[in-house]
Student: 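The following block contains the structure, expressed as structure tokens.
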Amino acid sequence: MSLVSVITPSYNQAKYLEQTMLSVLEQDYPYIEYLVMDGASNDGSVEIIKKHAGKLTHWESVKDNGQADAINKGFARATGDIIAWLNSDDYYLPGTVRAAVKVFEEHPEVVLVYADMLAVDENGATFNTLTYKQLTFEDLLCFQIIGQPAVFMRRSALQRTQGLNPTFHFLLDHLLWIQIAKHGKILHVNQTWSAARYHAEAKNIAKASEFGREAFRILETIAQDKDLARTLLTIDRRAHASAFRVDARYLLDGGLPAQALRAWFRALVIYPPVALKRMNIFVSAILNLLGLGKLREAALARRKKNLAG
């Protein structure tokens with residue numbers, strides 16, 4: 001059976017770290033090597049790691065150069081045929097690793113698999129279910145984002161890339177998926193494998209307004225890759241409109257509705273279908289500008305309550 005390597009990068013996440021680690025250590029699949037790469041935390045994280053050290057393949061707590069550096073060091077140590085990373089505020093659902101291995105065994109041509117995931121708050125309460133669809137390579141180039149905690153990849157495909165680009169901090173995972181997808185098929189699985197935690201300190205909340213900039217940097221990076229550039233040219237308008245749509249979404253999450261609205265209109269001008277599929281961004285930005293943002297908050301609270309029920 002395939003060995004699965006799971007890497008957890010962490011820095012000062014003691015509040016969530018043990019749940020993350022236990023979600024890996026308590027999987028019902030026996031062939032897992034687990035590596036925890038801590039960036040010299042000083043909040044009690046090291047004590048949590050030491051508590052479970054006997055079940056870890058490797059752990060360290062040393063100063064690093066950020067998330068990408070920590071994960072890349074984990075990649076370099078990983079020996080499994082299948083690799084994933086799980087951030088220290090997210091967690092796997094029971095049976096996830098076994099399910100991922102089964103998909104790879106049934107589909108030898110697949111280099112990356114991804115499933116659906118829950119969105120949970122800092123207390124672990126589910127407030128959304130993030131469901132995805134089967135994406136094409138062109139969809140990835142047009143920023144159809146998939147949930148990183150529910151992704152597993154073949155080590156053989158990962159080794160044909162340079163790993164995570166350390167100059168990216170927000171969409172670094174998406175760029176890696178694109179680079180892996182150059183080498184084979186990606187496959188969506190209609191199951192729920194993980195939970196992504198959204199809290200005030202998380203990048204997707206604390207620095208939401210910075211995400212969009214990296215979408216444009218990804219397009220620049222793709223344009224410099226001779227293999228990817230040819231494909232990008234065939235969908236250039238859709239891809240650039242999609243970058244503005246990503247920018248609009250995260251500007252809205254970052255509390256900048258006027259800027260979000262401008263980015264949404266840029267997407268509309270460049271390639272209308274991209275913007276029109278995300279009318280919720282337009283509506284939410286308008287509501288916030290009119291001081292009616294509490295209507296959106298009330299709708300989200302109602303959805304959270306329904307999911308909890």
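All residue numbers in this chain count up from 1 along the given sequence.
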Student: What pair of heavy atoms forms the shortest contact from Ala223 to Leu232, and how long is it?
Tutor: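 Reported closest heavy-atom pair: N-CD2, 4.2 Å.
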Student: Below 4.5 Å, heavy atoms only, C-beta onward: do Ser10 and Trp59 meet side chain to side chain?
Tutor: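 The answer is no, as the side chains (C-beta and beyond) never meet within the 4.5 Å cut-off.
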Student: Under 3.5 Å, is there a donor-acceptor pair between the side chain of Arg278 and the main chain of Trp264?
Tutor: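 No.
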Student: Answer yes or no: is there a donor N or O on one side and an acceptor on the other, between the side chain of Asn123 and the main chain of Ala125, under 3.5 Å?
Tutor: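 No, Asn123 side chain to Ala125 backbone: no donor-acceptor pair under 3.5 Å.
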Student: Can you measure from CG (Leu140) to CG (Leu228) and round to the nearest 0.5 angstrom?
Tutor: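 Spacing of CG (Leu140) from CG (Leu228) equals 10.5 Å.
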Student: For Ile48 versus Ala14, what's the shortest heavy-atom pair and its separation?
Tutor: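 The answer is CD1-O, 3.5 Å.
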Student: Strictly distance-based, threshold 3.5 Å: is any side-chain N or O of Thr57 a donor or acceptor partner for the main-chain N or O of Tyr34?
Tutor: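 Pair found, side chain donor or acceptor close to backbone of Tyr34.
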Student: Could you walk me through whether Met37 and Val62 pass side chain to side chain contact (heavy atoms under 4.5 Å, CB included), step by step?
Tutor: CA-CA 8 Å; Met37 314 299 288; Val62 297; over 6 Å; no
Student: Going by heavy atoms in the side chains, are His174 and Phe211 under 4.5 Å from each other?
Tutor: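 Not touching, per the 4.5 Å side-chain cut-off.
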Student: Does any non-hydrogen side-chain atom of Arg154 lie less than 4.5 Å from one of His183?
Tutor: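 No, too far: nothing below the 4.5 Å cut-off.
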Student: Determine, stepwise, if the pair Gln159 / Phe75 fulfils side chain to side chain contact (heavy atoms under 4.5 Å, CB included).
Tutor: CA-CA 9 Å; Gln159 289 178 323; Phe75 285 164; over 6 Å; no
Student: Strictly distance-based, threshold 3.5 Å: is any side-chain N or O of Asp236 a donor or acceptor partner for the main-chain N or O of Leu233?
Tutor: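 No.
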Student: Would you kindly confirm whether Leu219 and Tyr271 end up in one hydrophobic cluster when ILVMFWY residues are joined by side chain heavy atoms under 4.5 Å apart?
Tutor: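 No; Tyr271 is not reachable from Leu219 via cluster members.
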Student: For a 4.5 angstrom cut-off between non-hydrogen side-chain atoms, does Leu176 reach Phe168?
Tutor: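 Counting from C-beta outward, Leu176 and Phe168 never come under 4.5 Å.
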Student: What are the two closest heavy atoms between Ala181 and Phe137, and how far apart are they?
Tutor: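 Residues Ala181 and Phe137, closest heavy atoms: CB-CD1, 3.6 Å.
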Student: Backbone N or O of His169 within a donor-acceptor pair of the Glu214 side chain at under 3.5 Å?
Tutor: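 Answer holds: yes.
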Student: If only atom types and distance count, is the side chain of Arg238 paired as donor or acceptor with the main-chain N or O of Cys142 below 3.5 Å?
Tutor: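 Not at all, since once roles are kept as given, no pair shorter than 3.5 Å links the two residues.
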Student: Given the rule in the salt bridge (Lys or Arg N to Asp or Glu O under 4.0 Å) test, do Asp225 and Lys182 qualify, once you have shown the distances and angles that lead to the verdict?
Tutor: CA-CA 11 Å; Asp225 184 314; Lys182 286 172 55 177; 3.1 Å; yes
Student: Applying a strict under-4.5 Å side-chain criterion to I, L, V, M, F, W and Y, I'd like to know whether Val6 and Leu158 cluster together.
Tutor: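 No: no chain of side-chain contacts under 4.5 Å links Val6 to Leu158.
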Student: Applying the ring pair (Phe, Tyr, Trp, His ring centres under 6.0 Å) criterion to Phe216, which one of Phe143, Phe244, Phe170 satisfies it?
Tutor: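 Answer to the ring pair (Phe, Tyr, Trp, His ring centres under 6.0 Å) test with Phe216 among Phe143, Phe244, Phe170: Phe244.
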Student: For Ile180 versus Ala157, what's the shortest heavy-atom pair and its separation?
Tutor: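 Distance-wise, the nearest heavy atoms are CG2-CB, 4.0 Å.
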Student: Kindly compute the distance separating CG (Asp173) from CD1 (Ile145), expressed to the nearest 0.5 Å.
Tutor: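 So the CG of Asp173 and the CD1 of Ile145 are separated by 7.5 Å.
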Student: Atom CD1 in Ile71, atom CG in Leu86: separation rounded to 0.5 Å?
Tutor: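 Going from CD1 on Ile71 over to CG on Leu86, the span is 10.0 Å.
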Student: Using 0.5 Å steps for rounding, measure from the CG atom of Leu187 to the CD atom of Gln134.
Tutor: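 So the gap between those two atoms works out to 5.5 Å.
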Student: Output, in order, the C-alpha distance, side-chain angles, deciding distance and verdict of side chain to side chain contact (heavy atoms under 4.5 Å, CB included) for His188 and Asp116.
Tutor: CA-CA 8 Å; His188 173 248; Asp116 302 333; 2.9 Å; yes
Student: Got a donor-acceptor contact below 3.5 angstrom from the Glu138 side chain to the Ile235 backbone?
Tutor: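 Checked: no pair found.
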Student: Identify the two heavy atoms, one from Ala70 and one from Asp64, that lie closest to each other, and give their separation to 0.1 Å.
Tutor: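 Taking every non-hydrogen atom into account, CB-OD2, 3.6 Å.
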Student: Looking only at atom types and distance, does a side-chain atom of Gln259 sit under 3.5 Å from a main-chain N or O of Leu251, one as donor and one as acceptor?
Tutor: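 Not confirmed, Gln259 side chain does not pair with Leu251 backbone.
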Student: Is any side-chain heavy atom of Ile186 closer than 4.5 Å to a side-chain heavy atom of Trp177?
Tutor: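 Of all side-chain heavy-atom pairs linking Trp177 with Ile186, none is under 4.5 Å.
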Student: Taking all non-hydrogen atoms of both residues into account, name the closest pair between Ile281 and Arg245 and its distance.
Tutor: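 Residues Ile281 and Arg245, closest heavy atoms: CD1-O, 4.0 Å.
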Student: Is the shortest heavy-atom distance from the side chain of Val120 to the side chain of Tyr91 under 4.5 Å?
Tutor: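 When only atoms from C-beta onward are counted, Tyr91 and Val120 do touch, with a gap below 4.5 Å.
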Student: With side chains defined as the heavy atoms from C-beta onward, is the minimum distance between Arg160 and Gln179 less than 4.5 Å?
Tutor: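 When only atoms from C-beta onward are counted, Gln179 and Arg160 do not touch, as no gap falls below 4.5 Å.
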Student: Please list every donor-acceptor pair under 3.5 Å in which a side-chain atom of residues 104-114 meets a protein atom from a residue at least two apart or in another chain.
Tutor:
residue, atom, partner, partner atom, Å
Glu106, OE2, Lys102, NZ, 2.6
Tyr114, OH, Lys133, O, 2.5
Tyr114, OH, Leu135, N, 2.9

Student: Are Ile218 and Leu172 linked, directly or through other ILVMFWY residues, by side chains that come within less than 4.5 angstrom of each other?
Tutor: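 As far as the 4.5 Å side-chain criterion goes, Leu172 and Ile218 are connected within one cluster.
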Student: Starting at CG of Asn128, measure out to CG of Asp121 and round the result to the nearest 0.5 Å.
Tutor: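 Those atoms lie 12.0 Å apart.
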Student: Do the charged groups of Glu122 and Lys15 touch, with an N to O distance under 4.0 Å?
Tutor: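 Yes, Glu122 and Lys15 are salt-bridged.
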Student: Assigning hydrophobic clusters by single linkage (Ile, Leu, Val, Met, Phe, Trp, Tyr; side-chain heavy-atom cutoff under 4.5 Å), is Ile7 placed with Trp193?
Tutor: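 Each belongs to a different hydrophobic cluster.
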Student: Indicate, with yes or no, if the rings of Tyr198 and Phe127 have centres closer together than 6.0 Å.
Tutor: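 Judged by ring-centre distance (under 6.0 Å), Tyr198 and Phe127 do meet the cut-off.
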Student: Return a table of donor-acceptor pairs under 3.5 angstrom between the side chains of residues 17-26 and protein atoms on other chains or two or more places apart.
Tutor:
residue, atom, partner, partner atom, Å
Glu18, OE2, Lys51, NZ, 3.0
Glu18, OE2, His52, NE2, 2.8
Gln19, OE1, Arg197, NH2, 2.6
Thr20, OG1, Tyr16, O, 3.4
Thr20, OG1, Ser88, O, 3.1
Thr20, OG1, Asp90, O, 2.6
Ser23, OG, Thr20, O, 2.7
Ser23, OG, Tyr92, N, 3.0

Student: Same cluster for Tyr29 and Val151 if Ile/Leu/Val/Met/Phe/Trp/Tyr side chains link at under 4.5 Å?
Tutor: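 No, because Tyr29 and Val151 fall into different hydrophobic clusters, even though each may have its own neighbours under 4.5 Å.
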Student: Indicate yes or no for a side-chain donor-acceptor contact from Thr161 to the backbone of Gly163 under 3.5 Å, with no hydrogens or angles considered.
Tutor: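 Flag set: sc Thr161 to bb Gly163 pair under 3.5 Å.
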Student: Looking only at atom types and distance, does a side-chain atom of Gln13 sit under 3.5 Å from a main-chain N or O of Asp43, one as donor and one as acceptor?
Tutor: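 Not confirmed, Gln13 side chain does not pair with Asp43 backbone.
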Student: How long is the span from the CD1 atom in Ile178 to the CD1 atom in Ile222, to the nearest 0.5 Å?
Tutor: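 Reported to 0.5 Å precision, the distance equals 4.0 Å.
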Student: Quick one, Leu261 and Phe282 - any side-chain contact, counting heavy atoms below 4.5 Å?
Tutor: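 Contact flag for Leu261/Phe282 side chains = yes.
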Student: If you count the non-hydrogen atoms of other residues, nucleotides and ligands that lie under 6.0 Å from CZ in Arg266, is the total more than 12?
Tutor: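 No, because the 6.0 Å sphere around CZ of Arg266 holds 12 heavy atoms or fewer from other groups.
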Student: Does Gln148 form a side chain to side chain contact (heavy atoms under 4.5 Å, CB included) with Met117? I'd like the steps, not just the answer.
Tutor: CA-CA 9 Å; Gln148 176 272 317; Met117 67 182 192; over 6 Å; no
